[in-house]
Every structure is written in C-alpha cells, then in structure tokens.
Amino acid sequence: LDFVHLGSRLSVGSIKATTVSDGTGTTYAKFTTASVELYAGSQRGLSVTSNGGMLHGAWSSEATVTTSDRRLKRNIEPLYRTIAARANS
C-alpha cells in the first residue's frame, strides 16, 4: 500500500494485496485482476467487474431509486417538444 487518506472519502494510492480486512476476517475487500468484492459479516454484499456490478442481499435506500431502460421505449422525443405541442393544442 503506497498511501491512504482517510476523511469524508477514502483515497488509496495503489494496493498490492489481494484482501483488505477489518482484522476479524469477516468484513473485507477482496481484489483480483478481474473483480472487486466487498464482504460484511462474511456475506458478499457487492461485486464489481469491468462489465458492471451486482448487489447481493437486501439493500435499502434513503431516497427513491428509479430506473429507466431506453431499450423498452418507443417514439422518444425531447420533453420541450411535448410541452410545446400540448401548449399549442
């Protein structure tokens, strides 16, 4: 580990270890050449790869989480056009 900066964010220079643990061995980050996995209480909570990531287990949010999939929509137009068309009708 070259450097670590702790504050409201965690900044890490370069990690030269495959696992970073809290010392108990039940909460840790596991690094491979293809992925990063985070464990809490020996349960995997997050996996990240170059193709994306996956949340494992039950998660909650303090705010509303919405998703939108453009592939499932048709006739998409800019909002200003819809507003102008309705204002003129």
Side-chain angles (χ1 to χ4, degrees):
L1 191 61
D2 290 341
F3 75 88
V4 173
H5 173 74
L6 297 172
S8 61
R9 298 183 194 176
L10 170 64
S11 299
V12 178
S14 63
I15 296 176
K16 297 176 178 145
T18 57
T19 305
V20 176
S21 174
D22 66 346
T24 65
T26 61
T27 300
Y28 56 95
K30 181 176 163 184
F31 303 91
T32 69
T33 57
S35 68
V36 175
E37 294 181 339
L38 301 179
Y39 291 78
S42 299
Q43 299 296 314
R44 184 171 55 179
L46 174 67
S47 302
V48 180
T49 67
S50 61
N51 295 326
M54 182 173 289
L55 299 173
H56 306 276
W59 286 71
S60 62
S61 172
E62 294 179 359
T64 303
V65 177
T66 59
T67 60
S68 179
D69 191 340
R70 186 179 182 95
R71 297 172 300 172
L72 302 176
K73 298 177 181 177
R74 295 188 179 100
N75 302 322
I76 299 173
E77 293 188 24
L79 184 58
Y80 72 88
R81 284 189 196 157
T82 303
I83 293 171
R86 290 190 183 205
N88 292 332
S89 54

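Residue numbers run from 1 in the order of the sequence given.
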Which heavy atom of Leu46 sits nearest to which heavy atom of His56, and what is that distance? N-CD2, 3.8 Å
Please report the shortest heavy-atom distance between Thr49 and Ser35, naming the atom on each side. CG2-CB, 3.9 Å
Closest non-hydrogen contact found for Asp69 with Lys73 is O-CG, 3.8 Å
Can you name the closest pair of heavy atoms from Gly25 and Ser21 and give their distance? N-OG, 3.4 Å
Closest non-hydrogen atom pair between Tyr28 and Thr26, with its separation: CD2-C, 3.9 Å
Val36 reachable from Val20 in the ILVMFWY side-chain graph, under 4.5 Å edges: yes
When you look at CG of Asn75, are more than 12 heavy atoms from neighbouring residues, nucleotides or ligands closer to it than 6.0 Å? no
Can a donor-acceptor pair be found between the side chains of Asp22 and Thr24 at a distance below 3.5 Å? yes
Hydrophobic clustering (ILVMFWY, side-chain heavy atoms < 4.5 Å, transitive) - are Val65 and Trp59 grouped together? no
Nearest heavy-atom approach of Ala29 to Leu38 is CB-CD2, 3.5 Å
